[in-house]
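Note sheet for the following structure.
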Amino acid sequence: MKTDHILIIRFSAMGDVAMTVPVVYSLAMQYPHLRITVLSKPFARAFYEDLAPNVGFMEASTDEMGNIKGLNELYRRLTAKKFTAIADFHDVLRSKYLRLRFNVDQFRVEHIDKHRKGKRMLVSQQAKQLVQQPTSFQNYADVLARLGYHVTLNFKSLFGPEGGDLSQLSTAIGTKEADTQWIGIAPFAAHRGKVYPMAHMRRVIELLTQGHAARRLFLFGGGSEERAMLDDIHSANPQCVNASAMLNGLSQELILMSHLDVMLSMDSANMHLASLVGTPVVSVWGATHPYAGFMGWNQSADSAVQVDLPCRPCSIYGNRPCLRGDYACMNNIRPEDIVRKIEAVMG
């Protein structure tokens, strides 16, 4: 009897791919005899290589995704795996082309419904409707359901209750003592409308460390300019550590995040990474809004920091210029309000 083998396609940015993990894990646990292969960008291997015994991973190279010739070569690689069902979690030109090939060859194929109409109404400036849209997790699960795989989402963490193995990290990270609090801060995002002003963030850091000598603040940011800014913060406050400069890749970032008491993040990939290791997140929202369906896995809406403005949200992804020109959605958030949320999460 032929074993069912499902292909799940999701390229895109790290945060979007991270949001597939709770759904793929739940599928793997509830259908242990189902073979699952996830097709994504190379960075995503860290999410899946130890997720479950019946989950495998395939990399799609830049060359394969760059043109029709590359996609045809990728399709030939995929058909050799003898899939019985195809789940397109992305629905973009590249995945649509692969879907077309699979459909022509009479595979069972389903794709995501991104609820674009509801999201357009969410960001409309004339007829705005502040209505919670289905989350990405639910949208992914709905694709599986249409293929006959109904799942109950029950994912908790990539690690056990003890967290990841800190001994794999730089000795500069050290071990976490019982009387210390570890706080992660990820102050960056891809678009200005999702970034809290750095001057305000410095005030947040000042408030978090004043009178709390046992606190360590781990700063996350990947680009060269970002790391330089984090180094500058560290030089001004020795309780801050430029964690990204000490860590070697995504797997190590996840290990450290699993030991944080709380993560402060924008609407960015770091919110989703911390969510995958069971760490509570205080998230800051400006041009975007949790109603678009991109809140981190199992994160509380009460831990989201945002201000009410008639123009918010103005963008689903935060990539539109500010309609007012002053980015009040971020500038009007008081550092004290963020710190109050963090203190509440840590009890």
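Computed from heavy atoms alone, side chains included, the values below leave out hydrogens, waters and symmetry copies.
Without hydrogens or angle criteria, Lys194 side chain to Gly318 main chain gives no donor-acceptor distance under 3.5 Å. Between the side chain of Arg320 and the backbone N or O of Cys314 there is at least one donor-acceptor pair closer than 3.5 Å. With hydrogens and angles ignored, the 3.5 Å screen pairs no side-chain donor or acceptor of Lys96 with any backbone N or O of Val92. Side-chain N or O atoms of Arg216 include one that pairs as donor or acceptor with a backbone N or O of Ile173 at under 3.5 Å. A donor-acceptor pair is defined here as one N or O able to donate and one able to accept, closer than 3.5 Å; such a pair exists between the side chain of Ser124 and the backbone of Ala127.
Among Phe107, Tyr97, Phe83, Phe102, the one residue that satisfies the ring pair (Phe, Tyr, Trp, His ring centres under 6.0 Å) test with Tyr75 is Phe102.
With respect to the salt-bridge test (charged N to carboxylate O, under 4.0 angstrom), the residues Arg116 and Asp91 qualify.
Judged by distance alone, the side chains of Asn298 and Ser275 never bring a donor and an acceptor atom under 3.5 Å apart. Neither side chain, Arg215 nor Gln239, offers a donor N or O lying under 3.5 Å from an acceptor on the other. Thr152 and Asn154 share no donor-acceptor pair across their side chains, judged by distance under 3.5 Å alone.
Nearest heavy-atom pair, Ala328 versus Arg324, reported as atom, atom and distance to 0.1 Å: CB-NH2, 3.5 Å.
Residues satisfying the side chain to side chain contact (heavy atoms under 4.5 Å, CB included) test with Asp231, not counting sequence neighbours, are Asn242. Residues meeting the salt bridge (Lys or Arg N to Asp or Glu O under 4.0 Å) test with Glu206, sequence neighbours left out: Arg203. With sequence neighbours excluded, the residues that form a ring pair (Phe, Tyr, Trp, His ring centres under 6.0 Å) with Phe218 are Trp182.
Counting only residues at least two apart or in different chains, ring pair (Phe, Tyr, Trp, His ring centres under 6.0 Å) contacts with residues 261-291 comprise His289-Tyr291. Within the structure, salt bridge (charged side-chain N to carboxylate O under 4.0 Å, His left out) contacts touching residues 169-191 (residues at least two apart or in different chains) are Lys176-Asp261. Residues in residues 18-38 take part in these ring pair (Phe, Tyr, Trp, His ring centres under 6.0 Å) pairs, two or more places apart or across chains: Tyr25-Phe155, Tyr31-Tyr149.
The OG1 atom of Thr79 sits 11.0 Å away from atom CG of Leu7, with the distance rounded to the nearest 0.5 Å.
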